[in-house]
Amino acid sequence: MYFQQLLLLIIHQFQGERSSTAPYYLLKGKKSGQTIQDVTYFNLHPYFCLYPKLAKETYDDEIVKLLTQNFIVMNESTISITEKGLHQIVSSRRPYYNGYKLRGKEFVFWGRMELIVQTLSQFQENEKKFVPVQKSNEIHQFVKEFLHQRDFQSSSFGTNFKHQLSDLLENPHLLEIHRNLFVYRLSGYKNSGLTWEQLATRYHMTVLDVKLLFIECLHILLNEITEEKYPDFHALTKNIYVQNPLTDSALKSSKLFEKGYSIEAIARIRFLKENTIEDHVIEIVSVDPNFPIQSFISDEQVQKVLQIAQERQTKKLKIIREGVPDLSYFQIRLALTKGEEVNG
């Protein structure tokens with residue numbers, strides 16, 4: 001049910017203006033102009049790239065369940081929430097996620113922390129040969145360097161690390177199930193962490209619901225970690241957050257814009273279509289409030305677009321363009337993105 005609640009929340013924020021696949025692409029973190037633009041349009045940053053491994057079949061099954069329960073309605077082009085569905089999300093807890101900045105990398109943080117806990121547990125029992133729970137060579141190397149930089153075999157380090165972890169788990173934003181899932185997933189001396197399937201059985205949930213609650217737990221913890229309060233855990237967050245949210249292609253275009261090239265020139269230089277570069281402009285504006293857009297659209301035109309969108313209560317380009325037929329769809333998209341970036 002947890003995943004269904006999340007879907008209802010996302011569908012509600014799309015305001016009945018996107019297709020049934022829009023939430024799927026959002027959760028997967030699809031790097032298309034439309035999906036990235038929608039993140040800003042509809043203030044969906046928490047859920048972008050929240051679950052990159054989401055299978056389409058799984059998603060479709062949950063959509064069918066929501067339809068069957070009359071929580072949502074669909075037509076050929078849009079999906080929207082019903083009054084019953086709205087009541088369902090109003091009466092439920094608002095989840096905490098930071099998908100736009102983490103994009104699945106919370107599991108790198110978890111992997112580092114999990115392997116450290118396992119290592120400390122084994123060494124505490126003087127058992128130095130064990131099968132690591134993590135298979136990633138990058139995580140192995142990171143943890144090896146982390147431990148070698150510290151007197152990790154001393155009792156004081158182990159005590160201090162445990163104290164930081166215990167304090168983290170006392171965070172008031174965590175639910176009891178968050179803490180339980182976190183602890184049950186850990187492995188130590190003669191003790192293996194529970195699998196997702198075992199946890200799902202224990203809590204009478206689906207595996208997907210359990211995973212999403214676990215992800216939420218990690219996002220809450222990562223939001224609380226500071227170097228001052230949790231120095232060792234802060235070290236585990238290195239390169240976890242996305243430093244530049246632009247896609248690689250948009251970043252390349254951004255650097256050419258900085259050199260003064262036009263959309264047409266960048267398209268020629270990069271052997272791409274102009275509408276692809278336009279998508280890059282939308283993406284850049286959504287993350288950079290200082291990016292100059294005056295060469296594409298005037299401030300007066302931006303305000304006119306935002307006024308029409310407000311009056312007609314829509315972000316549908318076709319409807320808005322009826323009020324500003326002299327503007328291109330690109331200009332309207334740009335105005336909407338700029339408006340949301342300023343207001344949101």
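Throughout, residue positions are numbered sequentially from 1 according to the sequence presented.
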Report the distance from atom [atom1] of [X] to atom [atom2] of [Y], rounding to the nearest 0.5 Å.
X	Y	atom1	atom2	value
S328	N275	OG	CG	11.5 Å
K252	H280	NZ	NE2	9.5 Å
S187	Q122	OG	CD	9.5 Å
L8	F3	CG	CZ	10.5 Å
L218	M113	CG	CE	7.5 Å
N75	S20	CG	OG	9.5 Å

Taking atom [atom1] of [X] as the centre, report whether more than 12 heavy atoms of other residues, nucleotides or ligands fall under 6.0 Å from it.
X	atom1	result
K101	NZ	no
F130	CZ	yes
K304	NZ	no
E125	CD	yes
K135	NZ	yes
K56	NZ	yes
N191	CG	yes

Is the backbone N or O of [Y] less than 3.5 Å from a side-chain atom of [X], with the two atoms forming a donor-acceptor pair by type?
X	Y	answer
Q164	D232	yes
Q69	K65	yes
R103	P245	yes
S121	V117	no
K105	V242	no
H219	Y96	no
R18	T78	no
Q37	R333	no
T35	L26	no
T337	I282	no

Distance only, no hydrogens: is a donor on one side chain within 3.5 Å (strictly under) of an acceptor on the other, for [X] and [Y]?
X	Y	value
Q4	Q88	no
S154	S156	yes
Q307	E311	yes
T314	E17	yes
Q34	D38	yes
E145	Q141	yes
D279	T276	no

Parallel, tilted or perpendicular, as decided by the 30° and 60° cut-offs, for the rings of Y184 and Y203: tilted
Geometric cation-pi criterion R112 and F146, 6.0 Å radius, 45° cone: no
Which atom names give the shortest non-hydrogen contact between [X] and [Y], and what distance separates them?
X	Y	result
Y230	E224	CE1-O, 3.7 Å
E283	T247	OE2-N, 2.6 Å
P23	F14	N-CE1, 3.8 Å
Y51	K211	OH-CD, 3.2 Å
L50	E106	O-OE2, 4.5 Å
A250	I284	O-CD1, 4.0 Å

Between [X] and [Y], is there a shared hydrophobic cluster once you connect ILVMFWY residues whose side-chain heavy atoms come closer than 4.5 Å?
X	Y	result
I11	V73	no
Y329	I36	yes
V90	L9	yes
L186	L169	yes
L212	V207	yes

Using side-chain heavy atoms (C-beta onward) and a distance below 4.5 Å, is [X] in contact with [Y]?
X	Y	answer
L199	R185	yes
V108	N239	no
L327	I320	no
Y59	Y25	no
N223	H173	no
I215	L102	no
L174	F182	no
I297	F330	no

State yes or no: are the ring centers of [X] and [Y] separated by less than 6.0 Å?
X	Y	result
F291	F257	yes
F157	F152	no
F161	F233	yes

K190/E127 ion pair, N-O < 4.0 Å: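 Salt bridge absent between K190 and E127.
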Ionic contact status for E258 with K255, cut-off 4.0 Å: no
Stepwise side-chain contact (heavy atoms from CB on, under 4.5 Å) test for R270 and L256: CA-CA 10 Å; R270 300 198 57 205; L256 290 172; 3.8 Å; yes
Test side-chain contact (heavy atoms from CB on, under 4.5 Å) applied to V302 and I293, step by step: CA-CA 10 Å; V302 169; I293 65 170; 4.1 Å; yes
Trace of the side-chain contact (heavy atoms from CB on, under 4.5 Å) decision for T226 with H234: CA-CA 6 Å; T226 61; H234 184 265; 5.6 Å; no
Contact list for residues 73-99, test salt bridge (charged side-chain N to carboxylate O under 4.0 Å, His left out), sequence neighbours left out: R93-E216
Y189: side-chain hydrogen bond (donor to acceptor under 3.5 Å, both in side chains) partners, not counting sequence neighbours: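 Once residues adjacent in sequence are excluded, Y189 has no partner under the side-chain hydrogen bond (donor to acceptor under 3.5 Å, both in side chains) criterion.
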